[in-house]
Amino acid sequence: MNNLVSVITPSYNSSKFIAQTIESVLAQTYENWEMIIVDDASPDNSNEIIEEYCKKDTRIKLTKLKKNCGPAMARNRAIEEANGRYIAFLDSDDIWLPKKLEKQIQFMKANNLAVTYSAYHTIGENGSRINTRKAKSEIGYKDMLKSNQIGNLTGIYDCKKIGKYFMENVAYEDYVLWLKLIKDVQYSKGLLEPLAEYRISANSLSANKFKALKRQWNIYRKIEGLDMYKSIYYFIHYLLNALMKRW
């Protein structure tokens, strides 16, 4: 396989930010990429914006779903269509910094890694930076159970090494994907430098804290199949890590 990076972008009512997202990919110093945007039956005019970019650059491709299926299914459709050796994720309101792909692909090759990630900034709806989510230099499966160590917009995996992985249609589908990947590859290394910007919106899925805790517990018990003791152990670590992120 070549060194093409397939950028996976689900889109739903993304007219407010999708241009910024696409521009951040166009600005990459690493130019061997394709951006596969899957529209999840959006009623707004986001497809018109995306189609204009498709006309300007053939590396940008748009697929339209006939009915709304959710971000996991939209991403999976994009992964199915992906031609690249590397699968990278970028949601329709997030941003990559210009050297993101160049630095990360170089890092993956230099360290012979199947999965990598990086630190990233968080930004508000107006684009102003809020804080920086640090990355650990190395993580394993147990680290991921304690807290999601991989921001989805920073994660990349190598299809040549491990094949294609798809998302489950569950809450926190990105976290579940990276849990599975890290469990299978045993460990991963990350870049400590922030290489992306994650936009926090008022209506984000994690805004409802009680529901977020319930989803996390369900991941331990129903998806990962942990016993009660281990679930409680990792849930306590998850709570502590969540609190530390806010300090």
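Model, not experiment: these values are computed from the prediction.
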Q: Under a 3.5 Å threshold, yes or no: a donor from one side chain and an acceptor from the other, between Tyr198 and Asn152?
A: no
Q: Inspect the contact between Glu197 and Arg129 and indicate whether a charged nitrogen and a carboxylate oxygen are less than 4.0 angstrom apart.
A: yes
Q: Strictly below 4.0 Å, N to O, side chains only: are Arg85 and Asp158 in salt-bridge contact?
A: yes
Q: Under 3.5 Å, is there a donor on one side chain and an acceptor on the other for Asn3 and Asn32?
A: no
Q: So does Arg59 pair up with Asp57, basic N to acidic O under 4.0 Å?
A: yes
Q: Regarding Glu138 and Ser188, is there a side-chain donor-to-acceptor distance under 3.5 Å anywhere?
A: no
Q: When you compare the side chains of Tyr53 and Glu23, does any donor N or O come within less than 3.5 Å of an acceptor on the partner?
A: yes
Q: May I ask whether Ile156 and Leu192 are part of the same hydrophobic cluster, defined by side-chain heavy atoms of I, L, V, M, F, W, Y residues being less than 4.5 angstrom apart, directly or through others?
A: no
Q: Say whether, by atom type as modelled, one donor and one acceptor occur between the side chain of Thr9 and the main chain of Leu90 under 3.5 angstrom.
A: yes
Q: Below 4.0 angstrom, N of the basic side chain to O of the carboxylate: do Glu52 and Lys56 qualify?
A: no
Q: Can you tell me if Tyr157 uses its side chain to pair, donor with acceptor, with the backbone of Tyr165 under 3.5 Å?
A: yes
Q: Please evaluate residues Lys61 and Glu81 with respect to the criterion side-chain contact (heavy atoms from CB on, under 4.5 Å), reporting the C-alpha separation (whole Å), side-chain torsions for both, the decisive distance (0.1 Å), and the verdict.
A: CA-CA 10 Å; Lys61 304 164 186 178; Glu81 296 182 6; 5.9 Å; no
Q: Do you reckon Leu145 sits in the same ILVMFWY cluster as Ile223, going by side-chain contacts under 4.5 Å, direct or chained?
A: yes
Q: What about Trp217 and Leu239, same hydrophobic cluster or not, with Ile/Leu/Val/Met/Phe/Trp/Tyr joined at side-chain heavy-atom distances under 4.5 Å?
A: yes
Q: Could you check whether any side-chain N or O of Ser6 sits under 3.5 Å from a backbone N or O of Gly84, counting only pairs where one atom can act as donor and the other as acceptor?
A: yes
Q: Without swapping roles, check the side chain of Tyr220 against the backbone of Gly225 for a donor-acceptor pair under 3.5 Å.
A: no
Q: Quick one: does any side-chain atom of Lys134 pair with a main-chain N or O of Ala119 as donor and acceptor, under 3.5 Å?
A: no
Q: Answer yes or no: is there a side-chain heavy-atom contact under 4.5 Å between Glu102 and Gln28?
A: no
Q: Given the rule that I, L, V, M, F, W and Y join up when any side-chain heavy atoms are under 4.5 Å apart, are Val5 and Leu62 in one cluster?
A: yes
Q: Drop me the distance from Tyr120's OH to Asn131's CG, to the nearest 0.5 angstrom.
A: 8.5 Å
Q: Using 4.0 Å as the upper bound for N to carboxylate O, is an ion pair formed by Glu224 and Lys230?
A: no
Q: Is there a donor-acceptor pair under 3.5 Å between the side chain of Asn148 and the backbone N or O of Tyr175?
A: no
Q: Does Arg75 come within less than 4.0 Å of Glu173, counting only side-chain N to carboxylate O?
A: yes
Q: Taking the side chain as C-beta and beyond, is there a heavy-atom pair between Phe89 and Leu177 under 4.5 Å?
A: yes
Q: Not counting sequence neighbours, which residues clear salt bridge (Lys or Arg N to Asp or Glu O under 4.0 Å) with Lys189? List them please.
A: none
Q: Can you list the steps and then say if Val115 with Trp178 is a side-chain contact (heavy atoms from CB on, under 4.5 Å)?
A: CA-CA 9 Å; Val115 179; Trp178 297 113; 3.8 Å; yes
Q: Is a side-chain N or O of Ser118 found less than 3.5 angstrom from the main chain of Thr154, in a donor-acceptor match?
A: no
Q: Please check this pair: side chain of Asn241 against backbone of His237, looking for a donor-acceptor N/O pair closer than 3.5 Å.
A: yes
Q: Salt-bridge test for Glu125 and Arg199: reply yes if a basic N is under 4.0 Å from a carboxylate O, no otherwise.
A: no
Q: Measure from the side-chain N and O atoms of Asp91 to the backbone N and O of Asp93, and report whether any donor-acceptor pair falls under 3.5 Å.
A: no
Q: Between the side chain of Asn76 and the main-chain N/O of Met167, is any donor-acceptor distance below 3.5 Å?
A: yes
Q: For a 4.5 angstrom cut-off between non-hydrogen side-chain atoms, does Cys69 reach Tyr12?
A: no
